[in-house]
Structures are given as structure tokens and as C-alpha cells.
Amino acid sequence: MMNAQTYSFYNKFAFLYPLIDVVLQPQKKVLFSEVNMLPEGFLLEIGIGNGAHFQFYKKHKITGIDTSAAMIKQARKKNYDNVTVLKMDGEALLFDDGAFDYVVLSHVIAVVDNPDQLLAEVFRVLKPQGQVFILNHFTPNNWLGKIDRAFEKISTLLHFKSFFHIHNIAAITKFTLLKEVNFGLVPYFKLLIYQKK
Ligand SMILES: C[S@@+](CC[C@H](N)C(=O)[O-])C[C@H]1O[C@@H](n2cnc3c(N)ncnc32)[C@H](O)[C@@H]1O
């Protein structure tokens with residue numbers, strides 16, 4: 001579950017999203033090129049924000065969810081035939097087991113309260129051999145790790161986890177890593193593509 005403060009934070013700052021998106025655009029290009037190469041299927045995006053990604057999905061039947069009412073309102077304004085927008089918690093998905101071929105988690109795994117529960121739900125709703133695309137910052141084992149640690153308290157106020165290691169999430173062992181794409185000279189932002197075992 002997303003706590004009430006995080007929920008109201010994302011409601012309040014929904015208007016900032018187009019700005020932040022400009023900064024993250026290069027990584028997202030890679031995400032979409034990977035996703036668009038796959039055979040047509042059912043794709044769930046969790047934490048869609050304002051729905052800025054919808055225009056970049058060139059195939060697939062898309063379901064987009066978010067817990068923030070303000071984000072959902074903006075996402076619904078983008079009216080695409082292949083996209084269904086629902087207000088739902090990624091940690092408590094209301095879909096059947098094996099409903100999706102692909103799941104996209106773009107800058108959401110370090111925002112939810114319980115990333116382990118989120119991944120367990122992703123595992124459940126994926127078909128066998130289904131793939132999850134995780135775009136995020138991942139704390140490296142170098143000086144950047146110390147900065148992430150130092151910012152841990154402040155990042156909590158901003159409703160995300162600055163210090164974030166994927167191997168600390170137990171449910172990740174249910175997946176096989178297919179591909180890792182690093183962005184920038186110092187690998188901090190990454191796209192990790194996993195397959196359900
Ligand atoms: C940092 S934004 C990322 C938005 C977009 N995915 C992107 O890459 O630009 C995180 C989004 O996840 C949503 N969110 C947070 N916790 C969630 C949860 N448990 N289930 C679904 N959405 C959640 C927030 O409301 C917010 O819109």
C-alpha cells in the first residue's frame with residue numbers, strides 16, 4: 001500500500017512531471033525500443049504518472065495504473081485506443097494470475113512502500129516467461145553509494161528511497177536477469193530486464 005503522505009505528495013506534484021520527464025527522456029527511449037521489439041502482447045505499466053509513456057508504445061494492449069487520483073486524471077486525458085487507465089495499487093493488483101506478457105516499472109520500484117510486495121504481485125500477474133522492465137536508479141558500490149546513504153533521510157521526505165539495491169528485494173530471485181543497460185559514464189540509472197522463472 002502507498003501511505004497517505006506519499007499519495008498526497010504525488011497528487012500535489014503531478015504538475016512537475018513534464019519537467020522531470022525531459023531529464024529522463026534518453027533512458028526512456030531505450031526502454032521503449034526494447035518493449036516495442038517484443039511480440040505483441042498484454043502490457044501492464046505500474047505507476048504511470050501522467051501517462052506520458054502512452055504515446056511511445058507502438059504495439060501491445062496497454063493497461064496503466066497509478067494510486068494518485070491527480071495522476072490518473074491527467075493520464076485519462078490522453079485518450080489512446082490501445083490504453084486502459086485504472087486507479088489501482090501495484091502492491092495489491094486486482095488482475096488474475098498470468099494476465100500479462102510484460103510489466104513496466106519506470107521509476108516506481110523505489111517509490112512504493114514495499115518493493116518486495118510489488119515484485120511478488122508482478123510475478124503473480126505475469127505469464128510464465130513473462131518479462132518485467134525495471135528502469136530506476138540503483139545504488140552502486142562506489143562513492144555514489146555513500147551519497148545515496150547520506151541522502152536517505154531527505155529522500156524519505158521526498159517519498160523515495162535514495163539508497164536502493166535490487167538484491168535486497170527477496171522476490172527478485174523468482175526472476176532471471178535477461179539484460180542490463182547502463183546509462184551514463186557512472187552506472188547509476190539502469191534498465192534491468194527480467195524474465196519470470
Ligand atoms: C516517480 S513517479 C514515475 C512516473 C512514471 N512511471 C515515469 O517513469 O516517469 C512514481 C509514480 O508511481 C505512483 N505510485 C507510487 N506508489 C504506487 C503504487 N503502490 N501503485 C501504483 N502506483 C504507485 C505515483 O503516484 C507516481 O505517479
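Just so we're clear, the structure is a prediction, and the values are computed from it rather than from any experiment. We count ligands from 1, going down the list as the structure has it; atoms in each ligand are counted the same way.
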Checklist entry - Does ligand 1 have a heavy atom under 4.0 Å from the side chain of V111, from its backbone, from both, or from neither? => result side chain
Next on the checklist: Is it true that, when you exclude D97 itself, more than 12 heavy atoms of the residues, nucleotides or ligands shown sit nearer than 6.0 Å to its CG?
Outcome noted: yes
Checklist outcome for this item: If you compare H53, H107, K28 by their heavy atoms, the one closest to atom 9 (O) of ligand 1 turns out to be K28
Checklist entry - For A75, does its backbone N or O pair with a side-chain atom of N50 as donor and acceptor, under 3.5 Å? => result no
Next on the checklist: Quick check: F123 with F175 (ring centres under 6.0 Å apart)?
Outcome noted: yes
Next on the checklist: Strictly distance-based, threshold 3.5 Å: is any side-chain N or O of K28 a donor or acceptor partner for the main-chain N or O of F56?
Outcome noted: no
Checklist outcome for this item: Applying salt bridge (Lys or Arg N to Asp or Glu O under 4.0 Å) to K127 and not counting sequence neighbours gives D101
Checklist entry - With a 4.5 Å limit on heavy-atom distance, are the side chains of L177 and I193 in contact? => result no
Next on the checklist: Need the ligand 1 atom indices (1-based, order shown) with element for anything under 4.0 Å from a heavy-atom of M71.
Outcome noted: 27 (O)
Item to check | Distance filter under 4.0 Å to V108 heavy atoms, resulting ligand 1 atoms | outcome: 12 (O)
Item to check | Contacting atoms of ligand 1, where contact means under 4.0 angstrom from a heavy atom of G90 | outcome: 18 (C), 19 (N), 20 (N), 21 (C)
Checklist outcome for this item: Under 4.0 Å between heavy atoms, the region of M88 that gets near ligand 1 turns out to be backbone
Checklist outcome for this item: A student checking ligand 1 against V112 at a 4.0 Å heavy-atom cut-off should list atoms 16 (N), 17 (C), 18 (C), 19 (N)
Next on the checklist: Please classify the D89 to ligand 1 contact at 4.0 Å (heavy-atom distances, strictly less than): side chain, backbone, both or neither.
Outcome noted: both
Checklist entry - Any sub-3.5 Å donor-acceptor pair from E40's side-chain atoms to K59's backbone N or O? => result no
Next on the checklist: Looking only at distances, can you tell me whether any N or O atom of G47, backbone or side chain, sits closer than 3.5 Å to an N or O atom of ligand 1?
Outcome noted: yes
Next on the checklist: Out of all atoms in ligand 1, which are within 4.0 Å of some heavy atom of G49? Include the element for each.
Outcome noted: 27 (O)
Next on the checklist: Less than 3.5 Å apart, any donor N or O on the side chain of E45 or Y57 sitting next to an acceptor on the other?
Outcome noted: yes
Checklist entry - Just which atoms of ligand 1 are under 4.0 Å from any heavy atom in S68? => result 25 (O)
